[in-house]
Amino acid sequence: MTEATQAPNTHSHLTNWVNDMAKLCAPDKIVWCDGSEEEKKRLTDQAVKMGVLIPLNPQKHPNSYLHRSSPTDVARVEHLTFICSRKKEDAGPTNNWMAPEDAYTKLRALFEGSMKGRTMYVVPYVMGPLNSPHSKVGVELTDSIYVALNMGIMTRMGKPALDMLGPSKDFNRGLHCTGDLNPDRRYICHFPEDNTIWSFGSGYGGNALLGKKCLALRIGSYLGQKEGWLAEHMLILGVEDPEGKTTYVAAAFPSACGKTNFAMMIPPKRFAGWKVYTVGDDIAWLRVGEDGRLWAVNPENGYFGVAPGTNWASNPNAMKTIAKDTLFTNVALTKDGSVWWEGMDGEVPDELTDWQGRPWKKGSSEKAAHPNSRFTAPASNNPILSKHVNDPQGVPISAIIFGGRRSNTVPLVMQSFNWAHGVFMGATLASETTAAAVGQAGVVRRDPMAMLPFCGYNMGDYLQHWLDMQKKLTVPPKIFQVNWFRKDKEGKFLWPGYGENMRVLKWIVDRAHVAVGAQETVFGWVPKEGHIDLSGMDIAEGRVDEATDIDEAEWKAELQSQETFFKQFGTTMPETLELQRQLLLSRLS
Ligand code: OXD
Ligand code: MN
């Protein structure tokens with residue numbers, strides 16, 4: 001029998017739906033989450049008792065815990081992620097599609113009785129600042145206490161969401177069950193026309209924290225097209241110059257390509273007086289304001305960041321952010337109850353417990369932490385959190401950056417000639433795959449706007465929507481393309497990245513304000529000699545030239561591969577973008 005606790009009696013649309021889903025999943029107990037500190041403590045203590053969380057050394061990591069997932073459930077599963085639009089063509093050629101009735105039938109069979117002996121947590125949440133016209137309410141029903149606790153960090157969760165929803169029936173309906181975590185019975189299904197997500201068989205962040213990729217990007221991008229805004233896989237940062245003027249920049253990079261590091265960057269010494277503030281590290285919702293500018297909010301309230309490679313040199317602000325109140329997933333454990341991962345500062349410990357709970361010795365050929373191990377930490381811990389992060393209207397964006405992980409071809413930085421050319425730069429973004437998704441890492445794939453795994457509708461229509469946004473933008477942001485990941489012939493990175501990216505960011509900000517010149521090339525505007533301030537930088541002569549070099553033969557091959565990519569969209573591919581490609585080809589010839 002189902003026992004319900006703390007159900008609000010004012011939201012009949014919500015309670016009816018919760019009751020229907022409870023009938024399907026048959027949990028022993030239903031717990032309505034209110035988002036209070038008392039509740040967080042209670043759920044955390046319970047998760048520790050259940051063995052879901054392992055307390056860390058409270059002296060070293062106050063209020064922080066380690067979670068070990070099933071070893072077969074460590075990343076997003078793009079091949080098991082479906083857009084279940086009524087028409088197949090509305091999902092487009094780059095998404096997996098299932099007819100909604102087939103998906104509901106298949107998943108209903110899996111959900112049936114799936115929560116017997118378990119608790120169903122009702123997790124109401126807001127994506128975006130409270131009471132902002134940008135924001136959306138979602139409710140996730142989950143059998144995972146780990147998911148409920150993560151959602152409490154990543155979103156504005158509990159009572160504020162119910163207050164914002166009121167009696168409205170306009171909320172995202174998310175149903176999640178870990179099932180038996182069997183990858184053969186794992187499906188992440190999105191029903192854009194029903195504002196519904198059904199996720200079965202995984203407890204991993206991007207598959208299970210339904211506010212993040214599922215609502216804020218896949219359903220969000222669909223709603224954005226319908227309602228005239230953009231949901232993007234972008235960080236948002238503010239750069240303050242020594243005179244105190246702040247410029248806001250949004251930047252799209254594929255998963256595990258350094259968005260969190262860029263969003264929390266500390267400028268090098270040479271840039272005394274310059275400050276960077278984080279608005280968001282992964283997702284941006286962008287709308288045109290009444291002033292004709294593009295305004296951005298971060299729908300999230302925390303960071304689900306990649307742990308390996310995070311250290312006091314690469315991202316000191318992340319290290320401060322995760323110093324307390326943090327859930328670590330699949331990292332290694334030290335003897336004194338601290339966490340460790342590859343790329344952590346200092347000596348590699350002689351002995352560790354690896355991410356699967358097995359003894360690990362220094363020199364082992366296996367990684368101690370999973371390459372996609374993560375931290376979940378509250379944004380409020382970030383020492384450089386923007387004071388505008390909760391502003392209902394968001395922040396005005398002056399520059400948009402598209403960046404991929406490319407060992408060759410793409411130079412350090414280029415500016416587009418105009419909006420359509422900038423959309424072309426985004427549309428042709430390509431990147432080497434990473435451990436954030438199951439599959440082979442290091443393979444170059446086209447990833448328009450870093451949204452390939454996250455676009456909830458036909459990507460051809462999505463690119464047209466980007467072009468259409470220009471009509472309302474009387475003061476459009478300038479658009480740039482960057483590549484921090486170019487390598488030399490020995491496979492070494494040419495550009496040091498991290499804080500040094502400030503040097504490129506400064507040129508971008510100056511270009512956004514038309515305060516610095518540029519050199520015109522067939523590909524776009526690039527910095528002239530001396531525009532990127534290299535003073536005080538420890539870099540061998542010729543490295544920057546190599547990082548900014550444009551090889552025409554490589555670009556001819558690039559343009560051919562773009563054509564193949566564009567062709568798959570058939571008539572939905574915007575002609576403007578194919579024209580951009582042909583113009584570039586003719587300029588090259
Ligand atoms: C993420 C991802 O977790 O992009 O942000 O995979
Ligand atoms: Mn991401």
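What you are looking at is a predicted structure, and each value in this text was computed from that prediction instead of being measured. Values reported hereafter were calculated over all heavy atoms of this structure, with side chains retained and with hydrogens, waters and symmetry mates removed. For ligands, and for the atoms within them, numbers begin at 1 and follow the listed sequence.
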| task | Before giving the answer on ring-ring contact (aromatic ring centres under 6.0 Å, His included), spell out for Trp285 and His134 the whole-Å C-alpha distance, their side-chain angles and the decisive distance to 0.1 Å. | result | CA-CA 7 Å; Trp285 282 358; His134 292 261; 8.2 Å; no
| note | Per-atom filter on ligand 1: closer than 4.0 angstrom to a heavy atom of Asp282 are 5 (O)
| query | Can you tell me if Ser69 uses its side chain to pair, donor with acceptor, with the backbone of Val74 under 3.5 Å? | reply | no
| remark: Short version for Phe253: what comes under 4.0 Å of ligand 1, heavy atoms counted, is neither
| Closest approach of Asn330 to Leu66 (non-hydrogen atoms, all atoms of both residues) | N-CD1, 4.1 Å
| said: Against Glu78, only a single residue in Arg445, Lys213, Arg218 fulfils salt bridge (charged side-chain N to carboxylate O under 4.0 Å, His left out); can you say which? | reply: Arg445
| said: List ligand 1 atoms under 4.0 Å from Ala436, heavy atoms only on the residue side. | reply: 6 (O)
| For Tyr204, is at least one N or O under 3.5 Å away from an N or O on ligand 1? | no
| request: Could you grab the angle centred on the Mn ion (ligand 2), going from NE2 in His233 to NZ in Lys213, to 10°? | output: 90°
| field | pair Asp143-His176: side-chain heavy atoms closer than 4.5 Å | value | yes
| message | Against Tyr204, only a single residue in Thr329, Asn372, Asp73 fulfils side chain to side chain donor-acceptor pair (under 3.5 Å); can you say which? | response | Asn372
| request: State the atom name: nearest N, O or S atom of Asp282 to the Mn ion (ligand 2). | output: OD1
| said: Please determine whether side-chain contact (heavy atoms from CB on, under 4.5 Å) holds for the pair Val249 and Phe480, giving the CA-CA distance in whole Å, both sets of side-chain angles, and the decisive distance to 0.1 Å. | reply: CA-CA 10 Å; Val249 173; Phe480 300 81; over 6 Å; no
| message | Taking the basic N atoms (NZ, or NE/NH1/NH2) and the acidic carboxylate oxygens, is any pair closer than 4.0 Å for Glu227 and Lys136? | response | yes
| Are any of the side-chain nitrogens in Arg185 or Asp180 under 4.0 Å away from the carboxylate oxygens of its partner? | yes
| Nearest protein heavy atom to atom 4 (O) of ligand 1, by residue and atom, and its distance? | Ser255 OG, 2.5 Å
| Phe454 neighbourhood, listing ligand 1 atoms whose heavy-atom distance to it stays under 4.0 Å | 4 (O)
| request: Give yes if a backbone or side-chain nitrogen or oxygen of Lys259 is under 3.5 Å from a nitrogen or oxygen of ligand 1, and no if not. | output: no
| Considering only heavy atoms of His233, which atoms of ligand 1 have at least one such atom less than 4.0 Å away? | 4 (O)
| query | Closest non-hydrogen protein atom to atom 3 (O) of ligand 1, residue and atom name please, with distance? | reply | Arg374 NH1, 2.9 Å
| task | Go through ligand 1 atom by atom and flag the ones less than 4.0 Å from a non-hydrogen atom of Phe304. | result | 3 (O)
| message | To check your reading of the model: name the closest protein heavy atom to atom 6 (O) of ligand 1, its residue, and the distance in Å. | response | Arg76 NE, 2.9 Å
